[in-house]
Colleague: 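Right, I'll just put the structure down here and ask away after.
Side chains are part of it too, since the values below use all heavy atoms of this structure and drop only hydrogens, waters and symmetry mates. Along the sequence shown, residues are numbered consecutively beginning with 1.
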Amino acid sequence: MVAPKQEKLEVTIKDIWEKKILLPDFQRKFIWTEEEMQRNLVASVLAKMPVGSILLLKSTNADEYSCKLLGARAPLNQNELPDGEVNFLLDGQQRMTVLTNVFSDVVFQSNKQVSNLVSPSALKRRFFLLLPKLDNNDEDLYGLKKLIFPMESANAEEPEFLTSDVLPYVKVISFNVSTDNCKSYYPYNTSSTRNTDLKDFCVGNDSNWYYIPLFLLVPVASAHRNISLLGDIIEEISKSTVDAHVTSFGDKISVMTKEEKEDYIRKNITSESYEYHFNDGIDEKTDNAILKQFKDALSEQAAYWKTQMKEYLSSCVNDISLGQIILEKSQRARAIDVYENLNRGGVSLDVFDLVCARVGQVSTESLSARVKRCIQTGSSYTNTNNIFASSVVASDFIKINTNNEYHASERLGCYDENNDNISGHYLNTFLNILSLLSYTPDLSREEYSLDLIKKPKKLALTAQQIDGNCELACKAIDRACFFLQSRCGIRKISEVNYVLMITVIAYVLSDDRCFSGTKNNQIFNLLEAWYWSSIFAGHYNSDQNQVMIQDLNHLVQNVLDILDNNNPDIAWVQNLKNDIFKIKGFSDKDMLLLKDVSNNGIPKTILSNAICQYYLSKGYVDLVKIGNDETMLTVFSDVADDLQMHHVIPLGSANTIGTSSKTLRNDKKHFLNSPLNYLYITANANTYISSKSLAEYAQLIPVGARLSNVGFATTNINSNSTENEREEALEQRFDAVNGNVQQHVGCLLYSLSI
């Protein structure tokens with residue numbers, strides 16, 4: 001039996017560059033085109049996870065097969081073939097093409113014409129590792145904000161974080177050959193300032209993040225990038241972090257007491273640095289002197305952090321476990337057999353694959369086929385009229401629920417029949433619910449543990465548990481999809497702002513009493529009150545797993561109280577309600593109006609989405625009336641899938657709305673890009689509006705209750721209004737949205753006590 005040889009990823013990439021590894025022309029097509037698939041692989045490398053094995057067939061002659069370079073469309077010409085021994089890559093093309101493209105310039109330097117790329121749209125991408133700036137509240141995996149690397153030995157230790165932890169910090173930027181050839185990250189850029197431009201881009205391009213360009217990790221002999229550039233960028237990032245600390249301290253030091261200054265310094269530098277730089281205390285020292293010592297201490301930490309960070313990234317491509325199964329030329333027949341065995345299970349192996357494999361012991365129908373069938377057949381929605389958000393939403397649902405054959409999961413886009421693809425959000429929720437139903441089939445007053453939805457529990461499921469709970473899990477998710485449509489304005493599963501909330505909703509509604517029993521309206525009211533409070537209070541903005549399991553425990557207790565005709569203890573939801581639109585730096589008034597973008601960044605996209613979804617959940621008339629037609633907008637209306645987010649207050653003063661917005665639309669810090677300025681309107685209305693002048697648009701905007709129903713005052717939204725008047729209109733909408741949501745959630749909670 002051939003044992004895999006362990007080789008450094010960097011060495012393998014350089015072998016590809018030197019044509020020591022070639023791709024036979026009989027290989028399968030490049031199919032790892034999805035950005036998310038590529039990001040997952042990159043995240044696994046940055047978490048120092050193994051990335052599997054590749055199968056190589058050794059040959060003494062490169063012209064034994066028609067062959068090509070990785071990432072290339074056309075085979076090599078005879079005069080382009082290397083002399084001597086080569087290895088043909090039989091299995092691992094997908095993985096190695098992505099890794100080579102992400103961590104080096106090899107693919108682009110080997111293919112000077114983009115047209116020769118095997119899949120241009122999938123390969124014209126640059127990958128960056130995001131590091132949070134000082135005021136960014138996102139998790140700081142690599143210790144930048146404190147300038148303390150989380151491992152003592154960056155190139156030897158394995159990190160505590162996993163692939164899923166790194167994934168949100170892998171940034172992908174696609175480039176266009178015709179328009180982006182001057183961009184610093186464009187691979188064929190020959191500008192003399194390319195290194196400086198890239199450094200500036202990585203450090204100052206984004207108000208929330210620093211960017212580390214991963215394509216610099218494996219330099220090759222004739223690559224046009226300076227091999228020291230990666231170190232320069234990391235150094236600039238560390239210096240900028242020091243400056244941000246000093247600026248932050250400097251802004252407040254003059255009003256701080258001596259004790260506050262000492263406490264601040266201790267919190268932001270290591271104890272060793274404090275003892276060295278502040279061993280004589282800060283008595284009798286000027287603020288400028290304190291700031292200088294503070295900066296000196298941080299600069300020392302930054303220098304060490306920079307070294308550790310660079311060593312860590314280098315170790316990701318140097319020490320990664322990439323197995324190479326190398327077969328001799330005489331083993332060609334065996335190579336075919338090995339290849340078939342390696343590919344028999346399809347592409348990547350994950351928890352769902354293993355669960356599918358296990359249930360195959362007792363079921364002749366594949367689990368994947370069963371899930372798809374459940375999505376396409378759905379549940380029964382015959383007695384649900386009393387649980388809709390409004391009568392107009394209920395009316396639209398009745399129109400499409402012909403013959404009681406409504407399929408909530410299918411309408412929510414959980415399965416793409418054209419591409420034969422089940423949504424990743426759906427599969428993750430399915431595994432969570434499958435595990436919960438298998439271990440705790442009935443709603444229980446016993447405390448639920450987070451372990452119930454972790455990988456070990458899922459992999460420990462028996463074939464009988466999986467087989468017996470598959471359809472039940474799908475039904476529960478279908479009910480959750482129905483709830484998200486009927487109460488939360490969600491049109492597609494991809495629009496769900498926090499995916500773990502689906503697990504909570506689905507598990508509660510897996511109990512028939514909760515969905516179709518006499519108490520279903522109260523339970524829907526409880527879930528909706530929790531949903532909107534959580535969204536607008538930033539409840540799931542961090543520690544989502546822990547928040548989810550706490551909420552599940554609270555909700556199950558409340559639901560069981562309702563079912564037992566007892567008043568539920570909903571103080572925890574009341575506390576969430578009190579934080580609606582009050583969380584500093586997330587959903588408070590100044591944040592949503594972009595009053596303080598320099599310090600707090602810009603509002604998250606979920607808030608724009610959620611405000612639009614909130615009003616859609618109740619239903620309203622389209623923004624403009626075209627001819628004699630007035631279109632009522634709900635999740636269940638005919639035009640729901642085509643709704644578009646629209647700036648109600650115009651963005652500019654050009655001849656037409658369609659051409660007025662280009663500059664301001666890209667300025668995410670401009671107050672008119674506030675989440676408060678958005679509303680769903682139909683595609684027809686958007687097209688109609690785009691061709692109008694601002695004056696004409698102002699005349700089209702409805703007056704009276706129609707616009708007020710979605711939180712806008714009817715004044716100051718016109719072509720002649722001043723900037724102050726437009727800001728005032730958005731302030732009025734904040735007050736209206738805040739008041740509307742607070743009142744609505746209050747009514748929902750009140751209904752639980754009567």
Colleague: May I ask you to check whether over 12 heavy atoms, not counting those of Glu471, lie within 6.0 Å of atom CD?
Modeller: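 Result for CD/Glu471: enclosed.
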Colleague: For this output row, return yes or no: ring centroids of His646 and Tyr678 closer than 6.0 angstrom.
Modeller: no
Colleague: Does either side chain, that of Tyr415 or that of Asp420, offer a donor lying less than 3.5 Å from an acceptor on the other one?
Modeller: yes
Colleague: Of the options Leu527, Leu443, Ile523, which is the one that meets Leu555 in a side-chain contact (heavy atoms from CB on, under 4.5 Å)?
Modeller: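 Of all the options given, the one that passes is Leu527.
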Colleague: What distance separates Asp478 CG from Arg411 CZ, expressed to the nearest 0.5 Å?
Modeller: 13.0 Å
Colleague: For Gln644, does the CD atom sit with more than 12 other heavy atoms under 6.0 Å from it, leaving out its own atoms?
Modeller: yes
Colleague: Under the criterion side-chain contact (heavy atoms from CB on, under 4.5 Å), which of Leu427, Val371, Ile375, Ile477 is the partner of Cys414?
Modeller: Ile375
Colleague: Look at Lys399 together with Asp396 and state whether they make a salt bridge at an N to O cut-off of under 4.0 Å.
Modeller: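 Judged by the 4.0 Å cut-off on N to carboxylate O distance, Lys399 and Asp396 do form a salt bridge.
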Colleague: Can you list, pair by pair, the side-chain donor-acceptor contacts under 3.5 Å of residues 161-171, counting residues two or more places apart and other chains?
Modeller:
residue	atom	partner	partner atom	Å
Asp165	OD2	Leu162	N	2.8
Tyr169	OH	Glu139	N	3.2
Tyr169	OH	Glu139	O	3.2

Colleague: Does a side-chain N-to-carboxylate-O contact under 4.0 Å join Arg513 and Asp442?
Modeller: no
Colleague: Between Asp561 and Arg445, is the salt bridge (charged side-chain N to carboxylate O under 4.0 Å, His left out) condition met? List the steps.
Modeller: CA-CA 10 Å; Asp561 285 337; Arg445 292 195 181 274; 2.9 Å; yes
Colleague: To the nearest 0.5 angstrom, please state how far the NZ atom of Lys372 sits from the CD atom of Glu410.
Modeller: 13.5 Å
Colleague: Crowded around Asp512 CG? As in, over 12 foreign heavy atoms under 6.0 Å?
Modeller: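 Atom CG in Asp512 is crowded, with more than 12 foreign heavy atoms closer than 6.0 Å.
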